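Below is one structure, written out as structure tokens; comments come after it.
This structure is a prediction, so every number in the text was calculated from the model and none was measured.
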Amino acid sequence: MAAIQLLIFLLFCSTPALLVNSLTDGKDVTVLRSLKDNWENSPPNWQSDDPCGDQWDGVGCTGSRVTSLGLSSMNLKGTLSGDIGELSELRSLDLSFNDGLTGSLTTRIGDLQKLNLLILAGCSFTGSVPKEIGNLPQLTFLALNSNNFSGKMPPSLGKLTELYWLDLSDNQIEGTLPVSTDGQPGLDLLLKAKHFHFNKNKLSGPISEQLFNSSMVLIHVLLDGNQITGNIPDSITLLPNLEVLRLDRNILSGPVPSKINSLTKLTELHLANNGLTGAVPDLTGMSSLNYVDLSNNAFDLSIPPKWFSTIESLTTLVMENGNLQGSLPEELFSFPELQQVKLKGNLLNGTLKMGDSISQQLQLVDLQNNKITSVELGSRYTNTLILVDNPVCNGGLSNTNYCDLHQATKASYSTSLAKCGTCPTGQKASPASCNCAFPYEGNLYFRAPSFRDVTNASVFGALEMDLWKKLELDPGSVYLDNPHFNSDDYLQVDLALFPSSGKYFTRSKIQRIGFYLSNQTFKPPAEFGPYYFIADLYVFQDTEGTKLGIGAIVGIAVGSCILLLALAGVAIYAIRQKKRAEQAIELNKPFASWAPSGKDSGGAPILKGARWFSYEELKKCTNNFSDTNEIGSGGYGKVYRGILTGQEIAIKRAQQGSMQGANEFKTEIELLSRVHHKNLVGLVGFCFEQGEQMLVYEFMPNGTLRESLS
């Protein structure tokens, strides 16, 4: 105790000149003050003379120099001062999701020679993209999407040879895509880039054959929603790693490149709503394809191509108004992953035969406005089939659902709040605890998901789990709602994230979450594909008062040394008691102090093959835990039989009074997930939300050991 009291005395009662020395470089302090003068709603603790030493919100330092500035979702309003160019050691600049930031982007951004990350997504910047950005030799990540930039794309971007992420989508950028010439660089020089996201702009003119080459490592090329003309360049088939190609909603013409099927890693192909001509493209051999949309072009009259019968990886086939005639192959409907077939507005005729091996995932077959005269459904299909405006609807099927355009459909997925009550205005109930809080909200936009089923609880449950794990939140603190495909054919999902404790997020937590979502640190499950996030306005509750400057602290310290020494013992005792209380609270939180796998052994369970289930999933598959599904009971609770995605499972549901602590439950989950033996039932997963603790096992159909012995 005496040593600690002496330390406090030295800190507060030593020579004032020692305290006045700032840890932060003076020039950097001046720049940050200039930025603050240009902004409304800057963080409340931007008051002292030492941003690094006093840990200003959003400011990161190495030694005395500012090296990162992250103010995502801080509700900033104003302009970005040219003084930003004086932060010569800056490596990361993230001002995303501040739609009050307006005006042109200063050309002095090009003075930040050590910058690696530049993220200004979801702001309201105007004017041209500064050509000076091309002067940033170390830049690897550039996201200027969802602003109001206009003018032409600067060819100088081709000098960013370290760049792997380039997102200029959702702006008003015009002109052609620049390629290199003798006198200037171009996009074709970006050999390390994996992402070209230029969708939803006003790009025009043809795509140069020079834009793509076999040395490039592009995996996503997104050019949808522009005004691009001319042919699809043959050079696009030279990209060996391409996974997603979106050229839909342009003015492209001519035939599809004959070697399109050399893109064997392609999973998403969107060519709809152009003026493409010639033969229907041959996609034979593209065994990774999940989603194909060739709708609303001018292809030659054709029977369904052979690949309609061979690409078993398909989840969605769309070719509306595609000039198809003849009969559909029965094999199409047996593809195991198939979810939707949309072929309305063609000339398909004869008998529709779907066979007896129909995919269990098939939800929709839309064949309206064709020439189909009869139907043989087989015995397994009971979901939506639309045959409106076919001759078959003038006969025996005229009064069936198949000839009704408005058929009943399942409600889209929504995180369950079944046990939660209502909250005061502005607050919402957390799925994890039902406590009311102010969530961090926004919209996720998935630009090329490999699926179309927006009702699948397993798919969206996996997204929820990835969000709370990778964003370092408590289990169940993610709410998803209203997934739907919008007018851009993107999967749009409403997102709400809830704080682990209290009613508000801190500023530092919002900054971290915003950064994870803007710089793609968060990776969704693979089937969701490329995404972007746009945040809603978040209203903070700043409980800390304005911090005092160094001079004021020195004056108070010199006059209060005796009082501080007297209070030191009381303060230390109070701190110790607070820590003990915090530890007690933390031990009672679900999976306390969660961190990603490998960082904190006290975090969320590290599973071997098992997965997390939502309460709503298990409630549904047991018919609300009905007595008819009960197969056993004991001191711990009851066991129920259920069926989930075709698999029989046994659900062990703990009753009130027999639940374990969070750490004990976590330990049991981890242990059971590692046990694999032919004579033991395996753990399928667990549920830990809304006050429930449940373990999900493989179902053993032959009864208990006791029953066998007797």
So, applying side-chain hydrogen bond (donor to acceptor under 3.5 Å, both in side chains) with His220, which one of His195, Arg246, Lys194, Glu268 is it?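 Testing each of His195, Arg246, Lys194, Glu268 against His220, the sole residue satisfying side-chain hydrogen bond (donor to acceptor under 3.5 Å, both in side chains) is His195.
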For the residue pair Tyr445 and Tyr490, is the inter-centroid distance of their aromatic rings smaller than 6.0 Å?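 No, they do not, as the ring centres are separated by 6.0 Å or more.
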Near-ring test Phe451/Phe528, centroid separation under 6.0 angstrom: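 So the answer is yes for these two rings.
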Give the minimum heavy-atom separation between [X] and [Y], together with the two atoms involved.
| X | Y | result |
| --- | --- | --- |
| Ser430 | Gly476 | OG-O, 4.4 Å |
| Glu464 | Val478 | O-CG2, 3.9 Å |
| Gly529 | Pro524 | O-CG, 4.0 Å |

Has [X] got a side-chain atom pairing as donor or acceptor with [Y]'s backbone, closer than 3.5 angstrom?
| X | Y | result |
| --- | --- | --- |
| Asn41 | Lys77 | no |
| Asp466 | Leu463 | no |
| Asn38 | Gly78 | no |

Please, which pairs that meet ring-ring contact (aromatic ring centres under 6.0 Å, His included) have at least one residue in residues 75-106, sequence neighbours excluded?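 Counting only pairs at least two positions apart or across chains, the ring-ring contact (aromatic ring centres under 6.0 Å, His included) contacts touching residues 75-106 are Phe97-Phe533.
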Starting at [atom1] of [X], measure out to [atom2] of [Y] and round the result to the nearest 0.5 Å.
| X | Y | atom1 | atom2 | result |
| --- | --- | --- | --- | --- |
| Ser477 | Leu497 | OG | CG | 7.0 Å |
| Ser487 | Gln492 | OG | CD | 8.5 Å |
| Leu71 | Leu35 | CG | CG | 9.0 Å |
| Ser96 | Leu144 | OG | CG | 11.5 Å |

Determine the sole option in Leu112, Leu163, Asn116, Leu115 for which the side-chain contact (heavy atoms from CB on, under 4.5 Å) test with Gln138 is passed.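 Of the listed residues Leu112, Leu163, Asn116, Leu115, the side-chain contact (heavy atoms from CB on, under 4.5 Å) partner of Gln138 is Asn116.
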So which of Val31, Ile84, Asp94 actually passes side-chain contact (heavy atoms from CB on, under 4.5 Å) with Leu69?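 That would be Ile84.
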Taking the basic N atoms (NZ, or NE/NH1/NH2) and the acidic carboxylate oxygens, is any pair closer than 4.0 Å for [X] and [Y]?
| X | Y | value |
| --- | --- | --- |
| Asp83 | Arg33 | no |
| Lys428 | Glu441 | yes |
| Glu89 | Lys114 | yes |

Tyr531 ring centre to Arg447 NZ or CZ under 6.0 Å, with the angle to the axis within 45°?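 No, Arg447 does not lie over the aromatic ring of Tyr531.
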Under 3.5 Å, is there a donor-acceptor pair between the Ser124 and Thr102 side chains?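 No, Thr102 and Ser124 have no side-chain donor paired with an acceptor closer than 3.5 Å.
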Please evaluate residues Phe522 and Tyr516 with respect to the criterion ring-ring contact (aromatic ring centres under 6.0 Å, His included), reporting the C-alpha separation (whole Å), side-chain torsions for both, the decisive distance (0.1 Å), and the verdict. CA-CA 5 Å; Phe522 166 71; Tyr516 283 2; 9.3 Å; no
Assess whether side chain to side chain donor-acceptor pair (under 3.5 Å) is satisfied between Trp56 and Ser48, documenting all intermediate values. CA-CA 9 Å; Trp56 281 16; Ser48 73; 3.1 Å; yes
